[in-house]
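Written below as structure tokens is the structure these notes are about.
Numbered from 1 within each chain, the chains take letters A, B, ... in sequence-line order. Fair warning: this is a prediction, and the values are worked out from it, not measured in the lab. Values below: all heavy atoms of this structure, side chains included; hydrogens, waters and symmetry mates excluded.
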Amino acid sequence: MDEFDKEPTKEQKIWQVVAAIPQGKVASYGQVAAMAGLGRQARFVGRALGKLPAGHSIPWHRVIRSNGQIAFPEGTETCQLQTEKLRLEGVDVYKGRVKMKDFQWQP
DNA sequence: AGCGTGACGTAGG
DNA sequence: TCCTACGCCACGC
């Protein structure tokens, strides 16, 4: 079992945190980084989400910028997908942004 | 080993 | 509220 219990990678820590975000709530990249014990590596969080393996069940769409904006340019497919996923969970997305004050996850 | 990069963040105008 | 500039820092080439 030693070979099984390797230290989780930073990506895995991030995914773990993201997986803990409840439906209908959102968190910022910086928030996720801090909660994963990674300090200010907000950018690394975005990268980690880009490395998500196929068939995952990570709610990546609940992670947005600290100012409430979707991290993708409007018009891109990824942005639209994220927007719809959030709306399906009851998160109000207007002009590619979310009111953090109302939907930010507070553990 | 050095350098550009980026699903970011904060400050200032 | 929108836009610009600068800071951050591990990763990958």
Name every donor-acceptor pair, under 3.5 Å, that has one atom in a side chain of residues 100-107 of chain A and the other anywhere in the protein, sequence neighbours excluded.
| unit_1 | atom_1 | unit_2 | atom_2 | d |
| --- | --- | --- | --- | --- |
| A:Q104 | NE2 | A:Q31 | OE1 | 3.2 |

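Every residue two or more places apart in sequence or in another chain that forms a salt bridge (charged side-chain N to carboxylate O under 4.0 Å, His left out) with A:E89 is listed here: A:R62.
Atom CG of A:L38 is separated from atom OH of A:Y29 by 15.0 Å, given to the nearest 0.5 angstrom. In this structure, CD on A:Q16 lies 7.5 Å from CD1 on A:I58, to the nearest 0.5 angstrom. In this structure, CH2 on A:W60 lies 9.5 Å from CG on A:L52, to the nearest 0.5 angstrom. Expressed to the nearest 0.5 Å, how far CH2 of A:W15 lies from OG1 of A:T9 amounts to 5.5 Å.
Residues in residues 47-56 of chain A take part in these side chain to side chain donor-acceptor pair (under 3.5 Å) pairs, two or more places apart or across chains: A:E11-A:K51. Applying the salt bridge (Lys or Arg N to Asp or Glu O under 4.0 Å) test to residues at least two apart or on different chains, none of the pairs has a partner in residues 65-84 of chain A. Screening residues 16-42 of chain A for salt bridge (Lys or Arg N to Asp or Glu O under 4.0 Å) gives no qualifying pairs among residues at least two apart or on separate chains.
Within residues 87-107 of chain A, no residue has any heavy atom under 4.0 Å from DNA chain B.
Residue A:L88 is not grouped with residue A:V18 when hydrophobic side chains (ILVMFWY) are merged at heavy-atom distances under 4.5 angstrom, including chains of intermediate members.
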> How does protein reach along nucleotides 7-13 of chain B, written 5' to 3' as B (base within reach of a heavy atom under 4.0 Å), S (only sugar-phosphate), or - (no contact)?
Replying inline: BBSS---
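In secondary-structure terms, DNA chain C builds stems of at least 3 consecutive Watson-Crick or G-U pairs, each pair having both distances under 3.5 Å, at B:2-6 with C:9-13, B:8-13 with C:2-7.
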